[in-house]
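The next block holds one structure in the form of structure tokens; read it before the comments.
Atoms within a ligand are numbered from 1 in the order they appear, just like the ligands themselves. Computed from a prediction, not measured in an experiment: that's the story for all the values here.
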Amino acid sequence: MLPYGRQSISDEDIAAVVEALRLDYLTTGPMVERFETAFAQRIGAKYAVAVCNATAALHLAMLVAEIGPGDRVITSPNTFLASANCAAYVGATPDFADIDPVSYCLSPEALERAWQPDTKAVVAVDYAGQTADMPAISDIARKHQAIVIEDACHAVGGQFEHTGKLWTIGNHPWADITIFSFHPVKTMTTGEGGMLVTNNPAYAQRARQLRTHGIVRSPSEFVGLGDDTLDERGPWYHEMQSLGYNYRITDFQCALGLSQLKRLEQFLQRRREIVARYNKALADCPLIAAPSLRNSSDRDVTSWHLYTAQFDFARAGITRSEVMQHLREQGVGSQVLYIPVYLQPWYRKQFGYAPGKCPIAESFYQRALSLPLYPDMTDADVEHVVACVQNHEAICT
Ligand SMILES: Cc1ncc(COP(=O)(O)O)c(C=O)c1O
């Protein structure tokens, strides 16, 4: 079965992990900092903080931005739950503005309409690897002194052109914090893993502290235990100055991350080749729309985490489940990404959200189907998926 996404693990990746397992550290050791440094260098950002998954990184982003009860955080409904859940973790209200019909990312116009006086942050999601319109989103947020977090979990290695210049996701002036995921279906993997990237030293320092229980080890920052007789500051001494978490990533995961980072260009290139082949094939199917790009610059590098096409199931006279079943019978997996987050029962119950809130995201969801896309797909695999779609009478006539 060809899954909709999967990791690519080479012999070099395996050797790198095995080598790390032979070292003294299993949890935080030298590989963590090496991975952070290499990742920051790759995207040109000042600080990268590696954590156990991107959900934890989103939670840390909320904490370092001091979002809390009484605040509203607006995100895209077309995303994985974590982009919104992070606001709920800190007691803020997750809210949603509709998506742009071309990029399927947060629409700046809808964001402006959804803005409320208590909105303190925006989580803009780079759906499928295409960057959201960060300059326009940031203009709105800055006007209201709100923080911009870019959920770039789908967009490791992505770049986009704006005013004639090429900007790298994770290092441009329109996001305060950027979050990446290294889950196995993403562009590169550490098994589970995530990265918080920022050019703000205070955010980075705070994220590092909260990643390990809010512990401070630097003597210059100590405030004491409140009793001189108990305050002996020997080599064991540390202070917990805020409520933190165990969001650490392991050394061997970072060894895998370092090895995968070396292969990132190759991954991106192969994803682009597969997307080009799918786009060409689907052009022959009038009831299927290939994913569209907001920017048409040839210089853009879209990470292409997903290949989500829009199928007109109603006109084809077939349900999505039937199409998925047809594909499955021929060894082709597919997936539906995403159910608009605010329609999830918890969100409806907790915040009173109802169908109709974001009509474009709802219509996108009804037509969405993601076809297999991952770097280890062979040309024959790609041709097989294309043939299964093209030879289906109802969906490609
Ligand atoms: C857009 C988006 N944000 C956040 C996450 C959470 O990432 P992780 O699984 O690393 O916690 C995901 C993962 O699926 C995602 O797709």
Side-chain angles (χ1 to χ4, degrees), residues 3-7 35-36 39 48-63 73-90 94 96-97 99-100 103-106 121-132 134 137 148-158 169-170 175 177-197 207 211 245-250 253-254 256-257 260 271 291 302-308 335-342 344 347 358 361 364-365 368 370 373-374:
Y4 83 93
R6 65 165 281 136
Q7 69 277 13
F35 181 40
E36 291 176 338
F39 194 84
V49 182
V51 289
C52 53
N53 55 60
T55 304
L58 283 161
H59 185 193
L60 291 182
M62 289 287 134
L63 292 166
V73 176
I74 302 181
T75 188
S76 163
N78 185 31
T79 187
F80 183 64
L81 308 163
S83 320
N85 288 353
C86 58
Y89 293 160
V90 295
F96 303 86
I99 56 170
D100 169 75
S103 66
Y104 321 133
C105 296
L106 189 63
V122 178
V123 178
V125 181
D126 298 329
Y127 178 77
Q130 177 173 189
T131 181
M134 296 310 297
I137 288 169
V148 179
I149 295 157
E150 186 169 358
D151 180 339
C153 286
H154 296 187
V156 179
I169 297 179
I177 299 171
T178 305
I179 304 298
F180 297 97
S181 170
F182 308 125
H183 178 277
V185 294
K186 301 298 194 304
T187 319
M188 54 172 272
T189 190
T190 58
E192 295 279 0
M195 194 74 89
L196 181 152
V197 170
R211 167 177 68 179
Y245 301 84
N246 178 354
Y247 281 170
R248 293 188 300 264
I249 187 167
T250 65
Q253 286 174 296
C254 289
L256 177 57
Q260 289 261 302
R271 283 176 181 273
T302 301
S303 303
W304 289 116
H305 159 53
L306 298 171
Y307 188 88
T308 307
Q335 188 53 279
V336 178
L337 301 153
Y338 290 100
I339 300 171
V341 174
Y342 60 84
Q344 294 293 350
Y347 276 90
C358 297
F364 170 81
Y365 162 59
S370 303
L373 175 60
Y374 50 92

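Heavy atoms of F180 found under 4.0 angstrom from ligand 1: none, in either backbone or side chain. Using a 4.0 Å cut-off between heavy atoms, A54 contacts ligand 1 through both its backbone and its side chain.
You'll find the side chain of Q130 stays beyond 4.5 Å of the side chain of Y104, heavy atoms only. The closest side-chain heavy-atom distance from T75 to V341 is not below 4.5 Å. Between E150 and I137, the closest side-chain pair of non-hydrogen atoms is not below 4.5 Å. L63 places a side-chain heavy atom less than 4.5 Å from the side chain of V90. Within the 4.5 Å cutoff, the side chain of C254 has heavy atoms near those of the I249 side chain. By the 4.5 Å heavy-atom criterion applied to side chains, H183 and N53 are not counted as neighbours.
Of the listed residues (F182, Y127, F80), the one carrying the non-hydrogen atom nearest atom 5 (C) of ligand 1 is F80.
Among all non-hydrogen protein atoms, the one lying nearest atom 3 (N) of ligand 1 is D151 OD2, 2.7 Å. Protein heavy atom closest to atom 4 (C) of ligand 1, with residue, atom name and distance, is C153 SG, 3.4 Å. Ranking protein heavy atoms by distance to atom 16 (O) of ligand 1, first place goes to H154 NE2, 2.8 Å.
Between F39 and F180, the ring planes lie perpendicular to each other; the angle is over 60°, past the 30° to 60° tilted range.
At least one N or O atom of S181 sits closer than 3.5 Å to an N or O atom of ligand 1. Considering backbone and side-chain atoms together, T55 places an N or O closer than 3.5 Å to an N or O of ligand 1. At least one N/O-N/O distance between K186 and ligand 1 falls below 3.5 Å.
Close approach of ligand 1 to G193 is summarised as follows: ligand atoms under 4.0 Å from at least one heavy atom of the residue are 10 (O). Listed by atom number, the atoms of ligand 1 under 4.0 Å from T79 heavy atoms are 1 (C). Under a 4.0 Å criterion applied to the non-hydrogen atoms of Y338, ligand 1 contributes the atoms 16 (O).
Within the structure, ligand 1 has S83 among the residues with a heavy atom less than 4.0 angstrom away. Within the structure, ligand 1 lacks A56 among the residues with a heavy atom less than 4.0 angstrom away.
Exactly one of Y365, Y338, F96, Y347 qualifies for a side chain to side chain contact (heavy atoms under 4.5 Å, CB included) with P77. That residue is F96.
Aromatic rings from Y245 and Y89 are positioned such that their centres are separated by 6.0 Å or more.
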